[in-house]
Amino acid sequence: MKFYNSLSRKKEEFIPMNSPHVGMYTCGPTIYSFPTIGNWRTYTLSDLAVRTFKYFDYDVKHVMNLTDVGHLSGDNLGDSSTGEDRMAKAAEKEGVDAWSIAGKYGKDFLDSMSLLNIEMPDVIAKATDHVKEQIDLIKKIEEKGYAYKTDDGIYFDVAKYESDGNTYGELSTLDKIKEGARVEINPQKKGPRDFALWKFFAKGQKRHNMQWESPWGTGFPGWHIECSAMSMKYLGDQFDVHLGGEDLRSTHHPNEIAQSECATGHKPFVKYWIHGAFLLVDGGRMGKSLGNAYTIHDVINKGYDTLALRYFYLSGHYRRQINFTWEALDSAQNGLNRLRREVSKLGFSENAQAKMIDNEYKKSFEKALSDDLNMPESLAILWKLLGDETISLSDKASLVISFDQVLGLKLVQEDVENPDDIISTGQLSKEVQQLVKDREEYRNKKEWEKADEVRNQIGELGYEIEDTPNGVKFNIRY
Ligand code: AMP
Ligand code: ZN
């Protein structure tokens, strides 16, 4: 299979370092708020990559981090290591400490993965659980002479790294990584591209209670160092695939490469870099201040099946920006409903599941996957297959089962009588799930009026409940 490697800037044949093993690291979320549907696009991409590797029989070890300390608002811009502390800001806003913020949003993130049918990574690594590893890595960088101290932290010296014959910023799409104008620049930094490895609390900076002793003084790790420390801990000094959104390509990832290769004596850190293009909303940037930073909870509360969002993501190639509108999600929901309806006509038997089919559809599906994870094309092939009357129902059923291992649309669900509108309990928001439980309790106690009240509350949130002999069924209310 081939995919576009941001490092070589071309499509390359995928040859893992130790086939059939594949080591893959995804830059995970900063758990200071609910992830946006933009973030979820990137995690769905990561899931599609993992599922594709597995489809082609690779043995994947997937590691994802949760950033719960150290991520400052300037870190994603060119002005690394400055700006507001995201965790501290959220803690202040919600009137709790940074640990509670991490607990709340970390749990929400992990719970929400199943809503998009994203397979849980093999390792979920929290930055605060790996402070020792980060300190050890900084020590190595310091020993090699690439770290220096300022009043607010320990920094990586990019110019020195380059003057010793190393290349910095190979991945970057910027001509020059600039220090931004929006936030205060640390005048003690030797160069604008230098970034913090360890931070002290700067004068006037909001303090949070996430701080640790280190050889340089009390403080907390810089954002970039966590990914180097944790990826190398779980995947080794060198590994196959590193994935993240396109905003990480020009600062975060070049910084990871510099830190890691400096510490390991210049072993090439990662073989293939995959960057997902951004999701736009209504044709523009999404942002909290713009009121369009939609979350998966917004999608649920508006009555959509969360897998319709997954279907929407599949409809655009990952290297192109995709434009989200609620109308586009309507179309995706309709597409998914129609797909389920077609699939439900096939009838699934034991035989269908066991049979290996090797026909032109399978070949073109695999060709699409192998061609830089071309999901829109693979989805089109699925549609074409379903419409082809020359293929038997059981062959179609077998192919749908195997295609869905990658697409992850849960096309083969048992007991789907009316695939137009049935959703599974796992796809309901926690609020609705709690109401469903409450209603069950009232019903068990034969408090019918109260049970009906709760049913109405659930109705207001966009769901209809139907009691069937096999249990409760949920329909999305349009
Ligand atoms: P953050 O929580 O800001 O560290 O972002 C987590 C991940 O989501 C990173 O891989 C980002 O590149 C990615 N990301 C952020 N915004 C978007 C967006 N609008 N579309 C796609 N991916 C995004
Ligand atoms: Zn990272």
Side-chain angles (χ1 to χ4, degrees), residues 6 24-49 63-77 80 83-84 86-87 89-90 101-102 105-106 108-109 112-113 116 118 121 125-127 130 134 171 173 195 221-235 239 241-260 269-270 273-288 290 292-296 309 312-313 316-324:
S6 309
M24 167 164 155
Y25 184 89
T26 300
C27 286
T30 306
I31 44 180
Y32 72 113
S33 65
F34 296 120
T36 64
I37 54 172
N39 300 137
W40 284 119
R41 180 184 193 201
T42 297
Y43 305 126
T44 305
L45 164 64
S46 157
D47 183 57
L48 290 166
V63 180
M64 186 189 279
N65 67 307
L66 295 182
T67 300
D68 52 1
V69 69
H71 197 170
L72 309 184
S73 58
D75 282 335
N76 285 28
L77 310 168
S80 188
E84 282 179 312
R86 294 177 185 211
M87 300 300 289
K89 194 176 168 199
I101 292 292
Y105 294 108
D108 173 77
F109 175 74
S112 301
M113 302 249 264
L116 283 161
I118 294 176
K126 283 201 303 206
H130 296 80
Q134 297 177 72
L171 279 174
T173 51
F195 53 90
W223 174 44
H224 310 289
I225 196 78
E226 69 172 88
C227 287
S228 290
M230 297 193 287
S231 60
M232 293 198 289
K233 170 170 178 169
Y234 294 105
L235 297 170
F239 58 94
V241 184
H242 197 125
L243 188 148
E246 63 186 352
D247 59 328
L248 305 184
R249 184 169 169 178
S250 297
T251 40
H252 182 54
H253 288 160
N255 293 351
E256 277 191 48
I257 295 176
Q259 293 166 153
S260 308
F269 176 41
V270 171
W273 288 86
I274 301 182
H275 290 104
F278 261 30
L279 174 138
L280 307 177
V281 172
D282 296 327
R285 196 174 67 79
M286 73 188 305
K288 289 206 175 67
L290 302 171
N292 64 8
Y294 303 125
T295 69
I296 194 128
L309 185 61
F312 170 73
Y313 293 144
H317 190 271
Y318 81 90
R319 281 202 293 123
R320 286 180 187 271
Q321 293 191 329
I322 191 171
N323 185 32
F324 177 89

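Indexing begins at 1, ligand by ligand and atom by atom, following the structure's order.
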By side chain to side chain contact (heavy atoms under 4.5 Å, CB included), Thr44 pairs with (sequence neighbours left out) Leu48, Leu116, Ile118, Arg310, Tyr313
Polar proximity ligand 1 side, Gly245 side, N/O cut 3.5 Å exclusive: yes
With nothing but distance in play, are any N or O atoms of Asp247 less than 3.5 Å from an N or O of ligand 1? yes
Name all residues meeting the side chain to side chain contact (heavy atoms under 4.5 Å, CB included) criterion together with Gln321; count only those two or more places apart in sequence or in a different chain, and write none if there are none. Glu246, Ala277, Phe278, Leu280
Any idea which part of Arg86 is under 4.0 Å from ligand 1, heavy-atom wise: side chain, backbone, both or neither? side chain
Strictly under 2.8 Å, is the Zn ion (ligand 2) approached by any N, O or S atom of His242? no
Do we see a donor-acceptor contact under 3.5 Å between the side chains of Ser250 and Thr173? yes
Is there a nitrogen or oxygen of Gly244 sitting under 3.5 Å from a nitrogen or oxygen of ligand 1? no
Quick one: which ligand 1 atoms are inside 4.0 Å of a heavy atom on Leu248? 9 (C), 10 (O), 12 (O)
May I ask you to check whether Phe109 and Phe34 place their ring centers less than 6.0 Å from one another? no
Thr42 neighbourhood, listing ligand 1 atoms whose heavy-atom distance to it stays under 4.0 Å: 10 (O), 13 (C), 21 (C), 22 (N), 23 (C)
Taking the six-membered ring for Trp, are Tyr234 and Tyr25 ring centroids under 6.0 Å apart? no
Contact between Tyr43 and ligand 1, counting heavy atoms under 4.0 Å? yes
Backbone or side chain, does any N or O of Thr36 fall under 3.5 Å from an N or O of ligand 1? no
Before you tell me yes or no, could you show the steps for Phe324 and Phe312 under ring-ring contact (aromatic ring centres under 6.0 Å, His included), namely the whole-Å CA-CA distance, both residues' side-chain angles and the distance that decides it to 0.1 Å? CA-CA 9 Å; Phe324 177 89; Phe312 170 73; 5.6 Å; yes
Strictly under 4.0 Å, does any heavy atom of His252 approach an atom of ligand 1? no
Quick one: do the Lys126 and Thr67 side chains pair a donor with an acceptor below 3.5 Å? no
What do you reckon, does Tyr32 have a nitrogen or oxygen under 3.5 Å from a nitrogen or oxygen of ligand 1? no
Are any of the N/O atoms on Glu246, whether in the backbone or the side chain, positioned under 3.5 angstrom from an N/O atom of ligand 1? no
Looking at Leu279, which atoms of ligand 1 are within less than 4.0 Å of one of its heavy atoms? 18 (C), 19 (N), 20 (N), 21 (C)
When you compare the side chains of His253 and His275, does any donor N or O come within less than 3.5 Å of an acceptor on the partner? yes
Please verify whether a non-hydrogen atom of Pro29 lies at under 4.0 Å from ligand 1. yes
With the Zn ion (ligand 2) at the centre, find the angle made by NE2 from His252 and SG from Cys27, to 10°. 120°
Do we see a donor-acceptor contact under 3.5 Å between the side chains of Ser228 and Glu256? no
Between Glu226 (side chain) and Gly222 (backbone), is there a donor-acceptor pair under 3.5 Å? no
